[in-house]
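Please read the structure below before turning to the comments.
Note that these values count all heavy atoms, side chains included, but never hydrogens, waters or copies made by symmetry. All ligand and atom numbering here is 1-based and tracks the order in the structure. Bear in mind that the values here come from a model prediction, so they are computed numbers and not experimental data.
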Amino acid sequence: MKRIAPPSSALGPLLCGLLAAAPALGAATARQPGDPPITIDTHVDIPFTYMREPRFDVGKATPLKVDLGKMERGGLDAAFFVIWVPQGPLTPAGYARALGQAEGKYESIGRMLMLYPDRIRLATTPAQALANRRAGLLSAMIGIENSYSLGHDLHRLDAAYDRGARYVGLVHVGDNDLCTSSLPDTKHGEPAMNSAGDKGMSAFGRQVVERANRLGMMVDVSHASDQCVRDALKYSKAPIIASHSGARAVLDHPRNLPDDLLRAIAAKGGVVQAVAYKEFLKHDPGREAAEKKLQDAVAKANGDAKYDSDKDDYLPAMVQGMAEIEKRYPLATLDDYVKQIRHMVQVAGIDHVGIASDFDGGGGITGWNDASETRNVTAALRRAGFSDADIARIWGGNLLRVWREVEHDARH
Ligand SMILES: [Zn+2]
């Protein structure tokens, strides 16, 4: 089905005017020798109070791992900012809450774009991301993480596309009405991944995949169960992506993809974006237990029953506690990360692997622990023997190819 793309200004009339203005030169994002043509991070989280609380005003210095200054200094040209909502009950009240949370995040991204048009612009096409790069501007792209926020209403996918979302992540932690999760809520009776009860994708999930194909939105299978990935490969006419996933053969974690699925995503022309997330790169139960203990203690000190990453992660007690934990249980390193990338390239091919940080959603490793350290990734890939051409593919060329193909398939 043919569909005419809306203008990129879907975030609001004011933004429309700003985007139409001639691009100003962003001197801060000047290219350095050895930089790839474009660096794209396909998964950056944002707090619910992003651009609302002064500490999360990304035009200034922030405690976040990604703000505009860190992107500019580190040479991170473009990021998919993620509309994430936690999984809740599949009830009208649950859907309404998720919808409101998603709405707040779209508005936050819109606020960033309105306030800093001389530094960052929305990109809803690969061509726009590249044009922003040429103009010395950062690019913000938008991805959905957990289609629970669609509220079981296909029209909301169209609305998300109109607001600029260009990938749709089907599920998060816990099963939803689209498909089973790689981390189902087994404590509340959801079947374990790959058990007899694991049903994979639902009829609604299939509708979302087919609608995404027609809109020209990439289908993202990170967090999905293995069966759901297989179903997405079966039902999607266009290539699919995993916006932030690793290799299970290197580190056995349900969030990492097994080799057969890495191969299958590649065979369909897609891309898997290797993620710099500690627990998918290094098994460290001591660290996990220490972090859990710290989270519980910080929440309790605030009078809360449960740890809330948005509220607690940037408090001094948490920052100090994490520094102590880091001394005892060091994070995964760039070497661990490159090891996974090398394996993924061996299995899926150099045209089917990319980069994702999951910054501000738990991501970050020694050597790439915020956006200002982005050039360390490029240097580590070069040390590992990847050529400049390979690095250009991994850092964005592959993702842009898939994105273009998904756009093309939507028109034909
Ligand atoms: Zn995630």
Side-chain angles (χ1 to χ4, degrees), residues 40-48 50 64-66 79-88 98 101-102 105 108-109 141-150 160 165-176 178-185 190 193 205 208 212 217-226 228-229 232 240-248 251 253-257 261-262 265 270-282 288 291 295 307-310 313 331-332 337 340 344 353-365 368-371 399:
I40 301 176
D41 178 345
T42 47
H43 206 89
V44 171
D45 267 279
I46 57 174
F48 285 110
Y50 192 71
L64 296 171
K65 290 180 189 283
V66 180
F80 277 83
F81 294 91
V82 170
I83 309 293
W84 170 78
V85 298
Q87 187 58 48
Q101 289 174 322
K105 290 199 171 182
S108 292
I109 294 169
M141 286 86 83
I142 299 174
I144 295 171
E145 181 171 39
N146 195 1
S147 294
Y148 177 52
S149 64
L150 300 179
R166 287 298 179 269
Y167 72 66
V168 53
L170 303 174
V171 66
H172 190 246
V173 175
D175 298 351
N176 66 12
L178 285 89
C179 66
T180 49
S181 168
S182 59
L183 294 168
D185 186 0
E190 291 176 2
M193 179 163 74
V208 169
M217 196 186 264
M218 293 177 277
V219 172
D220 172 20
V221 294
S222 284
H223 285 285
S225 68
D226 294 351
C228 180
V229 179
I240 65 171
I241 68 165
S243 72
H244 59 308
S245 292
R248 205 178 294 169
L251 198 286
H253 191 290
R255 273 283 286 107
N256 285 340
L257 290 163
L261 291 181
L262 292 176
I265 291 170
V271 64
V272 178
Q273 303 286 113
V275 62
Y277 192 95
K278 54 198 170 191
E279 286 162 31
F280 310 162
L281 297 173
K282 180 180 178 183
E288 286 171 39
E291 284 193 19
Q295 289 166 358
Y307 157 73
D308 174 343
S309 61
D310 262 27
D313 274 2
L331 275 173
Y337 187 46
Q340 281 219 357
M344 290 162 77
V353 180
I355 301 268
S357 66
D358 210 354
F359 281 149
D360 299 314
I365 54 175
W368 195 33
N369 211 2
D370 69 41
L399 189 277

Using 2.8 Å as a strict upper limit, say whether an N, O or S atom of [X] approaches the Zn ion (ligand 1) that closely.
X: His172; value: no
X: His43; value: no
X: Glu145; value: yes

Check the orientation of His172 and Trp84. Use parallel for under 30°, tilted for 30 to 60°, and perpendicular for over 60°.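 Rings of His172 and Trp84: perpendicular, over 60°.
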Between Thr42 and Ser243, do the side chains contain a donor N or O and an acceptor N or O under 3.5 Å apart?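 Absent: no donor and acceptor within the cut-off.
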Strictly by modelled atom types, are Glu145 and His223 linked by a side-chain donor-acceptor pair under 3.5 Å?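 The criterion, which ignores hydrogens and geometry beyond distance, is satisfied for His223 and Glu145.
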Given atoms NE2 of His223 and NE2 of His244, what angle do they subtend at the Zn ion (ligand 1), to the nearest 10 degrees?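 Once rounded, the angle between the two atoms at the Zn ion (ligand 1) is 100°.
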Counterpart residues, side chain to side chain donor-acceptor pair (under 3.5 Å), relative to Ser147 (two or more places apart):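 Applying side chain to side chain donor-acceptor pair (under 3.5 Å) to Ser147 gives none.
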